[in-house]
There are 2 protein chains.
Amino acid sequence: MYTTFTVDCVIFGFYEGELHVLLTERNEYPFKDWWALPGFFVNNDEEMEDAVKRILYENTGLKDVFLDQLYAFAGLKRHPQGRILTVAYYALLQLDKTKIKLKPVTSYMRQAKWFPLNKVPDLAFDHTTILKQSVEKLRRRIANTPIAFELLPDKFTLTQLQLVYESILGRELDKRNFRKKMINYGFLKELDEVQKGVAYRAARLYKLDKRKFLKQFQNTITF
Amino acid sequence: MYTTFTVDCVIFGFYEGELHVLLTERNEYPFKDWWALPGFFVNNDEEMEDAVKRILYENTGLKDVFLDQLYAFAGLKRHPQGRILTVAYYALLQLDKTKIKLKPVTSYMRQAKWFPLNKVPDLAFDHTTILKQSVEKLRRRIANTPIAFELLPDKFTLTQLQLVYESILGRELDKRNFRKKMINYGFLKELDEVQKGVAYRAARLYKLDKRKFLKQFQNTITF
DNA sequence: GCAAAAGTGTTGGTCCTACACCCATGT
DNA sequence: ACATGGGTGTAGGACCAACACTTTTGC
């Protein structure tokens with residue numbers, strides 16, 4: 001009837017053409033010195049959503065991240081000391097945010113670091129399972145919802161957007177078809193600006209038109 | 001760090017052309033005499049998935065139901081006596097199973113009963129919210145996954161199948177288009193049988209070809 | 001024979017995929 | 001001038017929505 005209550009965070013970020021996940025190095029037993037998803041105990045007088053934000057900040061130094069609930073894990077064997085229920089949350093971060101300095105403000109974690117998805121080590125507890133489920137959810141969601149924009153800075157090029165799709169889906173897409181499709185959606189605002197500081201033809205920058213975007217993808221279901 | 005741990009069940013069933021949900025009448029305070037989703041405390045030495053099945057049985061008499069996790073609710077104000085974390089599960093039941101006698105085997109609940117979705121009363125705790133979220137999930141899922149079959153008996157007519165879609169989506173569909181689409185999917189087996197005991201032309205019966213069905217709709221994502 | 005639901009095709013529009021070359025820019 | 005990625009169009013096929021009448025059966 002009673003259980004220890006924790007939350008874990010799966011934070012994705014996109015840079016250098018690759019999808020990354022944010023991990024922390026544990027400084028406490030059990031699993032001392034192992035890499036793990038940022039996570040900790042929820043206080044008794046604290047809303048779960050507040051706890052997630054607090055814990056992510058304490059573990060990594062990241063603030064102002066919007067997280068969605070993924071799944072509740074409650075297996076009796078998750079933790080060596082008996083059942084610990086964890087609710088996993090996940091979030092997608094914009095490229096420029098990933099430049100923010102990562103530094104835990106708690107001694108429970110030694111450091112926080114971005115890992116490319118295919119270079120993630122074995123993780124503490126059942127965090128490998130949790131991460132795996134998050135990636136699956138991401139792939140399912142990108143097919144229906146254009147979550148890709150959450151991984152990019154405000155102004156982005158179509159090639160960057162395509163790279164996000166390709167890195168999440170794990171396959172290459174046709175450039176012409178991709179552009180046609182995105183522009184046809186009608187929620188991209190073409191800017192009068194182009195990229196700067198590149199050693200080749202500079203690409204046009206685009207912005208997400210949030211009004212139109214939400215109109216299309218917000219499920220307005222009446223009960 | 002510690003919380004009371006419960007599970008709630010949202011059980012959908014389809015009969016008489018309407019989507020129904022299974023509710024129980026509480027026989028205990030708080031919310032005595034209110035209708036609520038079947039749910040109760042998870043034992044400390046019990047896996048969550050086992051607890052859901054046990055509790056559903058104790059509350060309603062239903063057995064052998066496969067439930068999927070929906071969402072974890074942990075608001076501090078969910079329950080008058082402080083935080084109670086609940087993990088909500090949902091399931092779809094086949095028509096013939098809904099004929100099973102409902103009778104709670106615990107004194108916590110006075111009775112269990114099917115309610116058509118649009119005749120659900122105000123529910124105990126935050127169960128109205130939980131139910132609402134389940135229906136939304138159902139609608140989202142039926143667009144991508146043919147979960148409708150879980151609500152029908154083994155052998156069904158195309159009209160029955162269409163009624164399931166219509167009652168979940170809340171709108172009418174074109175008969176010819178619906179049939180073409182379903183038959184084109186290729187996972188329906190046409191049987192040599194027809195309906196019996198109807199006072200009009202008997203409809204052909206179909207069966208789900210599970211092999212073909214799974215091949216199409218099982219996400220095979222490698223990590 | 002009539003009431004009730006079963007069953008059936010076509011057309012026009014939209015969207016998807018496959019595919020290869022020229023363009024603009026920085027060095 | 002060359003290397004690099006930016007940017008563009010078309011044709012064929014698949015899928016979708018709209019639309020109304022005939023057939024079968026039980027009573």
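Order of the sequence lines fixes the chain letters, A, B, ..., with proteins taken first and strands second; residue numbering starts at 1 for each chain.
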> In chain order, what residues pass the side-chain hydrogen bond (donor to acceptor under 3.5 Å, both in side chains) check against B:Glu193, with sequence neighbours excluded?
Replying inline: B:Lys155
> Which residues satisfy the salt bridge (charged side-chain N to carboxylate O under 4.0 Å, His left out) test with B:Asp174, sequence neighbours excluded?
Replying inline: none
>> Without decimals, in angstroms, what is the distance between B:Arg176 CZ and D:dA18 P?
In response: 12 Å
> Any salt bridge (charged side-chain N to carboxylate O under 4.0 Å, His left out) pairs touching residues 17-27 of chain A, not counting sequence neighbours?
Replying inline: A:Glu25-A:Arg110
>> Run the salt bridge (charged side-chain N to carboxylate O under 4.0 Å, His left out) test against B:Arg78 and tell me which residues pass, sequence neighbours left out.
In response: B:Asp8, B:Asp126
Show me the donor-acceptor pairs within less than 3.5 Å that the side chains of residues 197-206 of chain B make with the rest of the protein, sequence neighbours left out.
| residue | atom | partner | partner atom | Å |
| --- | --- | --- | --- | --- |
| B:Arg204 | NE | B:Glu190 | OE2 | 3.4 |
| B:Arg204 | NE | B:Leu191 | O | 3.0 |

>> B:Lys103: which residues meet the salt bridge (charged side-chain N to carboxylate O under 4.0 Å, His left out) condition with it, sequence neighbours left out?
In response: none
Would you list the protein and nucleotides 10-15 of chain D atom pairs, both N or O, that sit under 3.5 Å from each other?
| residue | atom | partner | partner atom | Å |
| --- | --- | --- | --- | --- |
| D:dT10 | O4 | A:Lys180 | NZ | 2.7 |

>> Test of understanding: with side-chain hydrogen bond (donor to acceptor under 3.5 Å, both in side chains), list the residues that count as partners of A:Gln69, not counting sequence neighbours.
In response: none
> Which comes earlier along DNA chain C counting from the 5' end, the contact point of A:Val198 or that of A:Asp174, where each point is its nearest nucleotide?
Replying inline: A:Asp174
> What residues, two or more places apart in sequence or in another chain, satisfy salt bridge (charged side-chain N to carboxylate O under 4.0 Å, His left out) together with A:Arg176?
Replying inline: none
> Mind checking which nucleotides bracket the chain A contacts on DNA chain C, 5' to 3', with an atom under 4.0 Å from a heavy atom?
Replying inline: C:dT17 to C:dG26
> B:Lys189: what forms a side chain to side chain contact (heavy atoms under 4.5 Å, CB included) with it, not counting sequence neighbours?
Replying inline: B:Lys207, B:Asp209
Look for any protein N or O under 3.5 Å of an N or O in nucleotides 2-6 of chain D and output each such pair with its distance, or none.
| residue | atom | partner | partner atom | Å |
| --- | --- | --- | --- | --- |
| D:dG6 | OP1 | A:Thr159 | OG1 | 2.9 |
| D:dG6 | OP2 | A:Thr159 | OG1 | 3.0 |
| D:dG6 | N7 | A:Lys175 | NZ | 3.2 |

> Does NZ or CZ of A:Lys181 come closer than 6.0 Å to the centre of the six-membered ring of A:Tyr185, within 45° of the ring's axis?
Replying inline: no
